[in-house]
Amino acid sequence: MTGHGPLPVRPDPASVATDAGTGGMVGFTGRYEKRLSDLAGVFLDEAARIRAVGDGDPVIYTVTEHRQEESELFFGTTRLSPGQVGGEYFMTRGHFHARPDRGEVYTTLSGTGILILETRGGRTAELAMRPGATAAIPPGWAHRTVNTGATDLVFSWVCSVDAGHDYGSIAEHGMRRLVLARDGRPVVANNPRFG
Ligand code: F6R
Ligand code: ZN
């Protein structure tokens, strides 16, 4: 007897094959899709979004995750389609983590885009997403990904299981910066509707 009590339960080591082109993961434990009809209020031009929903309601992004019982971390991929609505590129909803002390890591696997970040206090940042780029998202920074390329943008992410998501603030106020397509190129601009 060592006097140390029972060892905590820990998951077994695991290796998961991920397809860099599609974000598909062998043995994933969860998956969801967001279509344009799920993204009310995300784009500046709500009328253009509604028209595009009527034209076929495409899948905008798919999130695939791998989560093990008793692990403090989980990870997954997001595949974001190329395209535009009303001159804005397809993007994710964007969120703060519910816990202000939990960050995240994003690594781009294929495609190109921009990671838009901001704090509640008004700091902003934009990071280029290209294959091999790993972004450290510190605690307290909201994050949204924008596909500025002509192909799928696929990235992997790693996060604490207890980070949680706060979608409400961004759904209500938008983010301070947005990415517009001007002459076929991405331009970061101030959001005229912020606040
Ligand atoms: C998890 C995370 C990503 C996103 C995913 C979809 O904390 O940041 O897995 O959840 O890229 O984006 P949202 O959640 O903003 O719709
Ligand atoms: Zn996150």
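Remember, it's 1-based here, ligands and their atoms both numbered in the order they're listed.
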Using modelled atom types only, decide if a donor and an acceptor are shared between the side chain of [X] and the backbone of [Y] within a distance under 3.5 Å.
X    : Y    : result
E46  : A40  : no
H165 : H97  : no
S160 : A163 : no
T22  : G24  : yes

In E104, the N, O or S atom nearest to the Zn ion (ligand 2) is which?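 In E104, the heteroatom (N, O or S) nearest the Zn ion (ligand 2) is OE1.
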Atoms in ligand 1 flagged as close to [X], the criterion being non-hydrogen separation under 4.0 Å:
X    : result
H143 : 8 (O)
H97  : 7 (O)
Y32  : 6 (C), 10 (O), 14 (O)
T78  : 5 (C), 11 (O)
E104 : 1 (C), 2 (C), 3 (C), 7 (O), 8 (O)

Could you tell me whether R79 and D19 make a salt bridge, using a distance below 4.0 angstrom between a side-chain N and a carboxylate O?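 A salt bridge is absent here (no side-chain N lies under 4.0 Å from a carboxylate O).
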Should D183 and R185 count as an ion pair when the cut-off is N to O under 4.0 Å?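 No, this pair does not count.
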Does R49 qualify as a cation-pi partner of F43, given the criterion of NZ or CZ under 6.0 Å from the six-membered ring centre and within 45 degrees of its axis?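 Ring-cation test returns no.
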Any N/O pair F155/ligand 1 closer than 3.5 Å: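 Not met; the criterion fails.
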N/O of Y106 under 3.5 Å from N/O of ligand 1, yes or no?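 Yes - when backbone and side-chain N and O of Y106 are compared with those of ligand 1, one distance drops under 3.5 Å.
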Where is the nearest protein heavy atom to [atom]: which residue, which atom, and how far?
atom                    : answer
atom 14 (O) of ligand 1 : Y167 OH, 2.4 Å
atom 16 (O) of ligand 1 : Y61 OH, 2.5 Å
atom 10 (O) of ligand 1 : H95 CE1, 3.5 Å
atom 12 (O) of ligand 1 : T92 CB, 3.5 Å

Heteroatom N/O/S of H95 within less than 2.8 Å of the Zn ion (ligand 2):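 Yes.
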The Zn ion (ligand 2) to nearest N/O/S of H165 below 2.8 Å: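 False for H165.
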Does ligand 1 have any atom sitting under 4.0 Å from a heavy atom of [X]?
X    : result
V63  : yes
G94  : yes
H165 : yes

Where's the contact between F74 and ligand 1, heavy-atom distance under 4.0 Å: side chain, backbone, both or neither?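 Neither part.
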Does the gap between the ring centers of F96 and H143 come in under 6.0 Å?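 Centroid distance F96-H143: not below 6.0 Å, so no.
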Would you say the ring centroid of H66 lies under 6.0 angstrom from that of F28?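 Centroid separation for H66 and F28: 6.0 Å or greater.
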Give, rounded to 10 degrees, the angle between NE2 (H143) and NE2 (H97) as seen from the Zn ion (ligand 2).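 Roughly 100°, rounded to 10°.
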For R67, I'd like to know if atom CZ has over 12 heavy atoms of other residues, nucleotides or ligands within 6.0 Å.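 For R67, atom CZ is crowded (more than 12 foreign heavy atoms under 6.0 Å).
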Taking atom CZ of R123 as the centre, report whether more than 12 heavy atoms of other residues, nucleotides or ligands fall under 6.0 Å from it.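 For R123, atom CZ is not crowded (no more than 12 foreign heavy atoms under 6.0 Å).
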Take L153 and T112 through the test side-chain contact (heavy atoms from CB on, under 4.5 Å) and record every step on the way to the result. CA-CA 6 Å; L153 172 65; T112 51; 5.6 Å; no
